Novice: 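My questions all concern the structure below.
Owing to the predicted nature of the structure, the values given are computational and were not obtained by experimental measurement. No hydrogens, no waters, no symmetry mates; every other heavy atom, side chains included, goes into these values. In each ligand, atom 1 is the first atom listed, and ligand 1 is the first ligand listed.
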Amino acid sequence: MDNWLEALPKADLHLHLDGCVKPSTLLELAADRGYPLPADSEEDLLPYMQVDADCDSLKTYLEKFGFVLPLLQDAAALSRVAEETVAQSAARNCLYIEVRFAPALHMDAGLTPGDAIAAVLEGLKRGEAAYGVVARLIVICMRHHDDGINVPVIHAAVALRDQGVAAVDLAGDEASHPAAQFRATFAVAREAGIPITIHAGEAAGPYNIREAVEELGATRIGHGIRLREDPELLAWIRERRIPLEMCPTSNIQTRAVADWDDYPIRAYYDAGLYVTVNTDNPTVSGTDMTRECETLSTRFGFTPAELTGLMRGALLAAFAEPPVKERLLARFDELAGRLMTDVSRED
Ligand SMILES: [Zn+2]
């Protein structure tokens, strides 16, 4: 089964650039820039970048991003980390990834939102060429930023749409900044016709999920864990076939649920919700797509056929251009078909 999980062609729709930085890369970026780090080996640096088993809150989790951000303030660093994100995903047999980042968090040294987006796109393109993974970018607006920051970010995303920006997103402190504050920002995105996904129902209640869809125009939801608190909304999301970008390991670590027994992915799947499984932050969470699939298999009894269906569903939910999606689906069906034949032979 382990080899099968590794070989399964995959799609990761929820993957943060600043959650993917390798310790070895951070050491090199720091050395090149004369930036002091509190450790000088990968092993000693990792605890600053990755939560441990007893991560007790979203706050502890988010501190890991603050640690790497000072070194992701120039174009060379951004494009390097983007390329390496593609390489790491390729190593887990991802056919397709959507990498996301918030340009406004990378402007301390003078980059504009457009500069930061262009740098990440360049790295993703290098990665696509080198590793054969299709990579698209989701540009994030932050909940603690106002329209004065977020609207230019949306404009920059829209301007680079034909270069690989596939969608826009909203992330950050969900409890303090409800979706309604961002109507104007996302009206700009809707008018431009760029797809929208919103982090909602992770650290705040289900009303945020409803607002993300109804008020902001989200067609996918990041996490959506707390949907079960509102059965009527759950049915509404199911009927609309709105995909949930669930990130099991991360959701446990940030305490979006108490523990694995309480994690609703099997219940959501069985209830007919459109579930996808994603990594969120491979370095911060110490995970990858194969491990997430393994968790679904071992903890929640997902069969090979079900996991294959989840990955195909993720490709169908992708924000990539329709002809690219068609090619990806054809390739997926060929690879997955071959794999399922091997599995049934082993039985
Ligand atoms: Zn996220």
Novice: Which atom name would you report as the N, O or S atom of His14 nearest the Zn ion (ligand 1)?
Specialist: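 Of the nitrogen, oxygen and sulfur atoms in His14, the Zn ion (ligand 1) lies nearest to NE2.
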Novice: Please find out if less than 6.0 Å separates the ring center of Phe300 from that of Tyr269.
Specialist: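 Ring centroids of Phe300 and Tyr269 are no less than 6.0 Å from each other.
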Novice: Strictly under 2.8 Å, is any N, O or S atom of Cys247 next to the Zn ion (ligand 1)?
Specialist: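 No.
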Novice: Listing request: all ring-ring contact (aromatic ring centres under 6.0 Å, His included) pairs with a residue in residues 122-157, at least two apart in sequence or in separate chains.
Specialist: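 Residue pairs with at least one partner in residues 122-157: there are none.
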Novice: To 10°, measure the OD1(Asp280)-the Zn ion (ligand 1)-NE2(His16) angle for me.
Specialist: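 About 90° at the Zn ion (ligand 1).
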Novice: Quick one: side-chain hydrogen bond (donor to acceptor under 3.5 Å, both in side chains) partners of Asp333, sequence neighbours excluded?
Specialist: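 Applying side-chain hydrogen bond (donor to acceptor under 3.5 Å, both in side chains) to Asp333 gives Arg312.
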Novice: Give the ring-plane orientation class for His106 versus Phe101, where under 30° counts as parallel, over 60° as perpendicular and anything between as tilted.
Specialist: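 It falls in the tilted class, 30° to 60°.
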